[in-house]
Protein chains: 2
Amino acid sequence: MAINKKQSFGKKEQDLAECAKALAHPARIAILKVLAQHNKCICGEIVSVLPLAQSTVSQHLKELKNAGLITGTVDGPRSCYCINWKAFEKFNREFSFLFNHLKTEQACC
Amino acid sequence: MAINKKQSFGKKEQDLAECAKALAHPARIAILKVLAQHNKCICGEIVSVLPLAQSTVSQHLKELKNAGLITGTVDGPRSCYCINWKAFEKFNREFSFLFNHLKTEQACC
DNA sequence: ATCTTATATCGCAAATATACGATTAATAAA
DNA sequence: TTTATTAATCGTATATTTGCGATATAAGAT
């Protein structure tokens, strides 16, 4: 694109969009699902479950971490990721807050 | 990318990701916010509020409509968009459902 | 010290998204 | 019928994302 216009929107809009972007790929949804089901540190199991190369999974994990949706600690040759439930709750809260005006009214089209 | 791997994931994951992708831009969040505040059909007002060209806004509206998050009817020289609250509720439901395992437990990292 | 194992990072190619101006389409107004 | 007016679509350039193989890194095992 010619210019990046994202900066011209409010911080809330940018943050929400950023978080949504992290969720905008089935691989990352699948990763989160695995993490949620375990709800404990798991390591290379994610790669074996997903139909993607190790490097690709690592990249997706990095994006989820950057977005704050998961936490991760490196522990030598293996690392450990967990869901950051607080971030999810925040996302849900912000998300609802933005749109919870007049929800009961009927749309006209 | 060489190959599109999105198809190798489940339908639920794909749908959720698709919906998240529609939310993954501050302009579209801003559009939804405006629509939510009005909760009635508004037309060119969106263009005048956003810092984007008319054609760009139209494209964003199209994406939101494709994702099912808004409804739109063309009415001659002006069109009319509304939030599809049902779609939002569904998104919220699916989203929570995917991750509501063991939410109360503490993550380990 | 070398080998193994698990994971991150780099570099690249291909696909998709973003943004705009120009054009088109479709109705209302004159 | 001609002339606005409003919004969709087309064509396009540029930016970003996706995905992989190759390589690097970091610790444990031998």
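Throughout, protein chains are lettered first and strands after them, A, B, ... in sequence-line order, and every chain is numbered starting at 1.
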Is there a donor and acceptor pair, one atom on the side chain of B:Gln59 and one on the base of C:dA19, closer than 3.5 Å?
yes
I'd like to know if A:Lys86 pairs up with A:Glu89 as an ion pair, taking the criterion as any Lys NZ or Arg NE/NH1/NH2 lying under 4.0 Å from an Asp or Glu carboxylate oxygen.
no
Interatomic distance where CD1 belongs to B:Ile70 and C1' belongs to D:dA7 [whole Å]:
13 Å
Figure out the CG/P separation between B:Leu61 and D:dA8, and round it to whole Å.
6 Å
Calculate the interatomic distance between A:Lys62 atom NZ and C:dA6 atom P; express it in whole Å.
22 Å
Please report, rounded to the nearest Å, how far the P atom of D:dA15 is from the NZ atom of A:Lys5.
15 Å
Would you find a donor on one side and an acceptor on the other, under 3.5 Å apart, between the side chain of A:Arg28 and the backbone of A:Leu23?
no
How is A:Thr56 classified with respect to the nucleic acid when contacts are heavy atoms under 4.0 Å: base, sugar-phosphate, or nothing?
base
Closest-nucleotide ordering on DNA chain C, the 5'-leading residue of B:Pro51 and B:Val74:
B:Pro51
According to a strict under-4.0 Å criterion, is B:Tyr81 in side-chain N/O contact with OP1 or OP2 of D:dA8?
yes
A:Lys65 NZ to C:dT9 C1': how many Å, rounded?
13 Å
Counting heavy atoms from C-beta on, name the nucleotide in D:dG19, C:dG21, D:dT9 closest to the side chain of A:His60.
D:dG19
CG of B:Asn4 versus C1' of C:dA15: gap in Å, rounded?
8 Å
Where B:Lys6 and B:Lys21 come nearest, the two heavy atoms and their spacing:
NZ-NZ, 4.2 Å
Please work out which residues in residues 18-28 of chain B have a non-hydrogen atom less than 4.0 Å from an atom of DNA chain C and list them by number.
B:Lys21, B:His25, B:Arg28
Does OP1 or OP2 of D:dA8 have a side-chain N or O of B:Ser79 closer than 4.0 Å?
yes
What is the distance, rounded to the nearest whole Å, between atom CG of B:Leu64 and atom P of D:dA8?
12 Å
Per nearest nucleotide of DNA chain D, the residue lying toward the 5' end, A:Gln54 or B:Val47, is B:Val47
Over how many whole Å does the gap from B:Gln7 atom CD to C:dA15 atom C1' extend?
12 Å
So, do B:Phe91 and A:Phe95 have ring centers that fall under 6.0 Å from each other?
yes
Minimum heavy-atom distance between A:Gly68 and A:Asn84, given as atom pair plus value
O-ND2, 3.0 Å
Nearest 0.5 angstrom please: B:Leu64 CG to B:Lys62 NZ, how far?
12.5 Å
Given 3.5 Å as the limit, does a donor-acceptor pair link the side chain of B:Lys65 with the main chain of B:Gly72, or not?
yes
